[in-house]
Amino acid sequence: MSSRTSPISQPITIRRAVARDAKRLTRLVRGSGAYEGKYASAVAGYRVGPDYIEAHRAFVAVGADKHGGRVLGFYSLVLAPPELDLLFVADEVQGRGIGRLLVAHMQSEARAAGLDCVKVVSHLPAEGFYHRVGALRTGTALANPPAVPWDRPEFEFRIPSE
């Protein structure tokens, strides 16, 4: 089994993001391999600031390491209107279940907040991921040049009550 698809071997904790995570989250967004080439303009200059972290339900997946915890991925849930605004997993650990863990955590947070669905406007390369984790395709978000010059698939997670 290749390291790209082997399960993560370290314990993973999902915790609320804090202001001191902002620079690491920004680096994760800007360094994402999914935003290379023609997609680079979408994240060039993008910043996940402490103000963003405080305003939204942002959570990080942290893996144990010799430095006490490495950010492997994160997501941000906006409550009104309900939307999964950001979801990123570090390139070197993709395919190991971290994205699934983050989605399951997001669904639990959404349920606790009383939401019955959460919208996602997906990046084109992430479309297959959202299908695999149970999101339903609901439409297309039209291009919004110059920031996003391409159409994007829209999805919805249905959040059943327990």
Side-chain angles (χ1 to χ4, degrees), residues 1-17 21 24-39 42-43 46 48 52-53 55-64 69-144 148 150-162:
M1 190 181 281
S2 77
S3 63
R4 170 122 170 101
T5 58
S6 63
I8 196 89
S9 60
Q10 57 190 346
I12 296 174
T13 302
I14 297 178
R15 64 163 172 79
R16 190 80 184 243
D21 292 321
R24 290 190 286 182
L25 302 186
T26 296
R27 278 194 304 271
L28 207 153
V29 170
R30 289 185 187 173
S32 173
Y35 285 91
E36 293 176 341
K38 71 178 185 177
Y39 300 119
V43 296
Y46 194 89
V48 180
Y52 180 90
I53 291 170
H56 304 293
R57 291 185 184 208
F59 290 85
V60 295
V62 180
R70 174 174 165 238
V71 173
L72 303 172
F74 78 101
Y75 77 88
S76 174
L77 175 64
V78 175
L79 297 181
E83 182 174 2
L84 177 59
D85 187 40
L86 299 171
L87 174 63
F88 282 84
V89 174
D91 288 351
E92 65 274 13
V93 295
Q94 287 182 9
R96 298 183 185 181
I98 296 165
R100 275 188 189 280
L101 286 173
L102 289 168
V103 166
H105 190 274
M106 178 277 299
Q107 290 172 312
S108 177
E109 284 293 312
R111 185 177 300 106
L115 303 177
D116 61 0
C117 67
V118 174
K119 174 184 168 181
V120 179
V121 178
S122 176
H123 181 47
L124 286 169
E127 185 173 6
F129 168 77
Y130 286 112
H131 278 293
R132 289 190 301 276
V133 295
L136 303 171
R137 177 82 188 255
T138 57
T140 301
L142 299 178
N144 183 21
V148 184
W150 52 84
D151 293 346
R152 294 157 295 153
E154 287 185 337
F155 290 91
E156 181 178 275
F157 284 102
R158 304 238 169 92
I159 311 297
S161 58
E162 289 187 313

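Since the model is a prediction, treat every value here as computed from it, not as a measurement.
- Under the salt bridge (charged side-chain N to carboxylate O under 4.0 Å, His left out) criterion, Arg24 pairs with Asp21, not counting sequence neighbours.
- Here Arg16 pairs with nothing under the salt bridge (charged side-chain N to carboxylate O under 4.0 Å, His left out) rule; sequence neighbours left out.
- With rounding to the nearest 0.5 angstrom, the OG1 atom of Thr26 is 10.5 Å from the CZ atom of Phe88.
- Side-chain contact between Tyr39 and Trp150 is present, with heavy atoms from C-beta onward closer than 4.5 Å.
- Counting only heavy atoms from C-beta outward, the side chains of Leu25 and Arg27 never approach each other to under 4.5 Å.
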Can you give me every donor-acceptor pair (side chain of residues 122-134, partner residue at least two apart or in another chain, under 3.5 Å) with its distance?
from: His123; atom 1: NE2; to: Ala34; atom 2: O; distance (Å): 2.7
from: Glu127; atom 1: OE2; to: Arg137; atom 2: NH1; distance (Å): 2.9
from: Arg132; atom 1: NH1; to: Gly128; atom 2: O; distance (Å): 3.3

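- Here the CZ-CZ distance, from Phe59 to Phe74, works out to 13.0 Å after rounding to the nearest 0.5 Å.
- The minimum heavy-atom distance between Val60 and Ala17, with the atom names listed, is CG1-CB, 4.0 Å.
- Rounded to the nearest 0.5 angstrom, Asn144 CG and Leu142 CG are separated by 9.5 Å.
- Between Leu84 and Phe157, some side-chain heavy-atom pair lies under the 4.5 Å cut-off.
- Note that CG of Leu28 is 8.0 Å distant from CG of Asp91, once rounded to the nearest 0.5 Å.
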### Task
Applying salt bridge (charged side-chain N to carboxylate O under 4.0 Å, His left out), run through Glu156 and Arg158 and close with a yes or a no.
CA-CA 6 Å; Glu156 181 178 275; Arg158 304 238 169 92; 2.8 Å; yes
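- Residues satisfying the side-chain hydrogen bond (donor to acceptor under 3.5 Å, both in side chains) criterion with Ser32, sequence neighbours excluded, are absent altogether.
- Here the side chains of Leu77 and Asp85 are not in contact, with every heavy-atom distance at 4.5 Å or above.
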Please list every donor-acceptor pair under 3.5 Å in which a side-chain atom of residues 105-120 meets a protein atom from a residue at least two apart or in another chain.
from: His105; atom 1: ND1; to: Tyr75; atom 2: OH; distance (Å): 2.6
from: Glu109; atom 1: OE1; to: Arg57; atom 2: NH1; distance (Å): 3.4
from: Arg111; atom 1: NE; to: Pro160; atom 2: O; distance (Å): 2.8

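- At a threshold of 4.5 Å between non-hydrogen side-chain atoms, the residues Val29 and Val48 count as touching.
- Side-chain contact check for Leu87 versus Leu102: some heavy-atom pair is nearer than 4.5 Å.
- Looking at heavy atoms from C-beta onward, Val62 lies in side-chain contact with Arg15 at the 4.5 angstrom threshold.
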### Task
Take Ser76 and Tyr52, measure what side-chain hydrogen bond (donor to acceptor under 3.5 Å, both in side chains) needs, and give me the verdict at the end.
CA-CA 9 Å; Ser76 174; Tyr52 180 90; 2.8 Å; yes
### Task
Evaluate side-chain contact (heavy atoms from CB on, under 4.5 Å) for Val93 paired with Arg70, printing each intermediate quantity in order.
CA-CA 11 Å; Val93 295; Arg70 174 174 165 238; 4.2 Å; yes
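- Under the rule for a side-chain hydrogen bond (donor to acceptor under 3.5 Å, both in side chains), Glu83 has no partner lying at least two apart in sequence or in another chain.
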